[in-house]
Structures are given as C-alpha cells and as structure tokens.
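Attaching a single structure in structure tokens format; questions to follow.
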Protein chains: 2
Amino acid sequence: MGEKLKTKDKILTVATEIFYNKGFNGARMQEIANLANVNKAALHYYFSSKQELFEVVLLNSFKNLFISFDKVVNSNMPIIEKIDVIIEKYLDFIKTNTQNIKFILNEIENNLAFIQKNMETNSMKVKFFDEIFEELHLEMEKGTIKKINPNHLLINIISMCIFPFIAKPLIMEITQFSQEEIQHFFDEQENFIKKFVHNALQQKRE
Amino acid sequence: MGEKLKTKDKILTVATEIFYNKGFNGARMQEIANLANVNKAALHYYFSSKQELFEVVLLNSFKNLFISFDKVVNSNMPIIEKIDVIIEKYLDFIKTNTQNIKFILNEIENNLAFIQKNMETNSMKVKFFDEIFEELHLEMEKGTIKKINPNHLLINIISMCIFPFIAKPLIMEITQFSQEEIQHFFDEQENFIKKFVHNALQQKRE
DNA sequence: TAATATTTTAACCATTTGGTTAAATCGATT
DNA sequence: AATCGATTTAACCAAATGGTTAAAATATTA
C-alpha cells in the first residue's frame, strides 16, 4: 500500500520535469523512462500514450496555478495592504514556479480545447478575480483609492511580477547585467512594484 | 538578378513562420519544404542543416528585436513625453511581433552560446538603454522626476507592454473575457500604462 | 502454498525524420 | 547552339521515435 503508486508517481514527476523543460515536442518517452528507472513499456502501462501523459502533466500544472491564485486575500485588512499581499503571493509563486508558467504559456494554444473541457469538469473557476474586483470597485466608490480600471491594475501587477522571471535570460543578454546585478534587481523588485502601485492608487492629498 | 535569391528567401520566410509557431523541436523540414514549394533537398542546398536554418532565423529574429529598440528617442522633448514615446514604441513592436518575442523567449536558453557569439561579432549592442538611463539620472538630479531605479522603471514598463500579449490566451482562459472585452483591454492599455508611469514619476506638488 | 492479479521486462515493429546522392533541368555566357 | 555553373528533383538511407507484445517476475489473496 502506498508503494503501489510509487512507480506511477515517479514517472509523473520525471515527466513533469521533462515536459516543463523541453515541451511536448522536445520531450522523449525514452528519456522519461530512463530518468524514472523504468522500461519504456512501463510508461505505456501507466499512460496509454505520450499525449495522455502530457495531458496529465498539463492539467496538474494548471491546477497548480489555480490553487496558488485562488483566495489570495479574504481578511479585512485595508485594500492597499491587500494589494501588497497579492504582489507578495504572485512573486512567491513565480519564484518557485517559473517553469510551470512558461510551460503553460507555451502549450496552452495547442491545447485550448482540452483545457477548456477539463477546466469546466473540474470546476476550477477563479473566484479570486471577481472578489478582488468587487472590493476594488467598492473602495473606489468610497474614495479610498483612485478610480482606475481593475482589469488593468491586476493584469499589470501580474505582468510586472511574472514577466521579469520569464524573460530573465533575455534581460541578462540585453542589459549585460552581472549575476549580482540581476540578483539585486530581483531583490528590490517587490518593493518597487508595491510603491509603483501605491502611487497609482493613492489619492493626491488635497 | 534579384530573382536569384527568390527561393532562398522564400525558404527563410516559411521557415521563420514555422519556427515561430512550433519552435525548433516542433518544426519539420518537410513542412517547410512543402510550404516553400521546394524539395527537401533544396532546403539542404541552401542551408546545410535544420540547425543552420534555425540559427539564421534566430539571428534575424534577434536583429529584428534590436533594430526596433535601438534609438527610440533622441529628440529633446521632455522626459515624460519621451517615456510615452518609448511605451508607444514597445506596444507597436509587440503588436506585430508577438510570435517573434515568444520565439526568442522560448529558444534563447538552449542557444545562449550561439547568441552571445553572434551578438558580439555583429556588434549589436544596445546603446538605447545606456542613453535613456543617463537621461533619467540627469532628470532625477534636476528634480524633474522622482528618484527611482531606472532599471526597474524600464523593465517594468517592458513587462507591462509585452506580457499581456504573450499571455493573451492564458488571460482569456482565466478571466473568461469575451473578444470585445479583451479588445477593449488592449485598446485602453496604452493610456493606462502611461498614466501608471506618470504617477510613479511625477513629483507631488508641494 | 497454489492461484490470481499486478507490475516489469526484453525484443520488436512501423513510421517519421533529418539528411544524402547522383542525375536532370534551367540560365546565363561565349 | 554549346558550355558551364547554378538550381531542382526523385529516390534512398540510417537513426530516432512512439508504440506493441508476449513472457517473466513480483505481489496479493485464498
């Protein structure tokens, strides 16, 4: 017991790693089998085809994304602090899941139908966005923060949190940053984004 | 004359399209040959291998990126307006070159050595960053704009301009935006980013 | 322990894929 | 028109790849 799933789990773990790094087309069943210490036939015993194995990995990857973003905030702290928490959560997630996001961004277009089907059946809806939207609208009505489009606010926050990680190799190539410089950049990024957003949200003092 | 390069150009155009959409691993020489209306052997007549053809496409792709970003601004308009122009240029570029950027982001890691070698020999250095950095520092000294880290400012501007295009399919899946809603988002995005940045840069009135 | 179901293996197979070769065709120059 | 180099083609090839099969090994259960 418990041991039964060992091989299957091992295969899935290895497959995830390989698919994340090489994508569907770059992944080789043989390499997955080798790294999982099983025969290629064992792969097909647990997963009928490369496509099926891939889809399991893709779906897990998506679930992972949604779990992390769901219900980020539900306390009754001030809106500005809440946004700070959102920024922290996004940065936390991307730091340890860069490959996960890259993988999804790369593979989503070729698998839209599959994803849509399984998003529905697994009822992975994002209430998070709706909730924070509503709250932002409320606070704007109250005059706590400036009136800006919440869609833009949230998507641009996500952009600033995620893109530098996705584009790290390109950024390093273009800027010729040293390892220390890029490290310093990422260390400072959280505070920069927070201030950036505060400036956009805070009412000017009258 | 001029006709001589026709076939080679046709191959390159088609190869670019295929490599952009499917990456190195997903691209098939046969498909490139078919779309270019030539035999597969003709491909190898002009490009010795898939790798070589790929590298030509990759290098062109990189040059394209650098040409677009080089010398964005050199007039003597106020710094804030200059930043606006930069935002416009980035958005213009990404609108028509989404696949180009995605391709580079995906393939850069596996081809770092090649890119570095050819960046040097082709002396594709980006003076743009240095110049605008210097100017930002100057204006901060003068007190025209707030003192913030130019690295962060520029990279975050780029993030906001580029990421939504890269992540459009994912955003649509998560937000369940309709076609009109997403269109509206992209239409408004330019002004949003500009205001966002202005707020971050403008000195509070005393 | 014998019987049964689960898991793993080695040896194959068909197809795809990048690449080659030698001959044929086309184009310009003389 | 004859010549010579550039271009294109058809027919192949070896290696890689996803997948299959039947038998062996390992657990599980009666």
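So you know, we letter chains A, B, ... as the sequences are listed, proteins then strands, and number each from 1.
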Requested in this report: Would you please indicate if the ring centroids of Phe165(A) and Phe186(A) are separated by under 6.0 Å?
Outcome: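 Here the rings of Phe186(A) and Phe165(A) have centres that are less than 6.0 Å from each other.
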
Query - Nearest-0.5 Å distance, CG of residue Asn106(A) to CD1 of residue Ile101(A) - result: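 Reported value, rounded in 0.5 Å steps: 11.5 Å.
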
Requested in this report: Round to the nearest Å and state the distance from Asn34(B) atom CG to dT17(C) atom P.
Outcome: 11 Å

Query - Aromatic centroids of Phe192(B) and Phe185(B) separated by under 6.0 Å - result: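 No - the distance between ring centres of Phe185(B) and Phe192(B) does not fall below the 6.0 Å cut-off.
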
Requested in this report: Check whether any side-chain N or O of Arg28(B) sits under 4.0 Å from OP1 or OP2 of dG18(C), and answer yes or no.
Outcome: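 So the side chain of Arg28(B) is within the cut-off, an N or O lying under 4.0 Å from OP1 or OP2 of dG18(C).
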
**Report entry** Whole-Å distance separating the CD1 atom of Ile18(A) from the C1' atom of dT17(D)
**Finding:** 15 Å

Requested in this report: Return the value, rounded to whole Å, for the distance between atom CG of Leu53(A) and atom C1' of dG19(D).
Outcome: 14 Å

Query raised in the report: Taking for each residue the nucleotide of DNA chain D with the nearest heavy atom, is it Tyr45(B) or Asn25(A) whose nucleotide lies nearer the 5' end?
Result: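 Upstream on the strand: Tyr45(B).
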
Report task. Check whether any side-chain nitrogen or oxygen of Thr7(A) sits under 4.0 Å from OP1 or OP2 of dT7(C), and answer yes or no. Result ->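 For Thr7(A), the contact criterion (side-chain N or O under 4.0 Å from OP1 or OP2 of dT7(C)) is not met.
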
Report summary line: Atom OH of Tyr46(A) and atom P of dT9(C) are separated, to the nearest Å, by 10 Å

Query raised in the report: How close or far is atom C1' of dT9(D) from atom CD of Gln30(B), stated in whole angstroms?
Result: 13 Å

Query raised in the report: Just checking Ala27(A): base, sugar-phosphate only, or nothing, at a heavy-atom cut-off of under 4.0 Å?
Result: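 Since only primed, P, OP1 and OP2 atoms lie under 4.0 Å of Ala27(A), the category is sugar-phosphate.
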
**Report entry** Between P of dG18(D) and CD of Glu31(A), the distance in whole Å
**Finding:**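 It is 10 Å, rounded to the nearest whole Å.
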
**Report entry** Separation between CG of Leu58(B) and CG of Leu53(B), rounded to the nearest 0.5 Å
**Finding:**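 Atom-to-atom, Leu58(B):CG and Leu53(B):CG are 11.5 Å apart.
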
Query raised in the report: What is the per-nucleotide protein-contact pattern of nucleotides 19-26 of chain C, from the 5' end, where B denotes a base atom under 4.0 Å from a protein heavy atom, S denotes such proximity for sugar-phosphate atoms only, and - denotes neither?
Result: BBB-----

Requested in this report: Answer yes or no: does atom CD of Glu55(A) have more than 12 heavy-atom neighbours from other residues, nucleotides or ligands under 6.0 Å?
Outcome: yes

Query raised in the report: How long is the line joining CZ of Phe47(B) and C1' of dG18(C), in whole Å?
Result: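 Going from Phe47(B) (CZ) to dG18(C) (C1'), I get 16 Å.
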
**Report entry** Residue pairs fulfilling salt bridge (charged side-chain N to carboxylate O under 4.0 Å, His left out) with at least one residue in residues 173-199 of chain B, sequence neighbours excluded
**Finding:**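 Pairs touching residues 173-199 of chain B that pass the test: Glu88(B)-Lys194(B), Glu190(B)-Lys194(B).
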
Query raised in the report: Take atom CD in Glu134(B); do more than 12 heavy atoms of anything else shown fall under 6.0 Å from it?
Result: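 12 or below, so no.
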
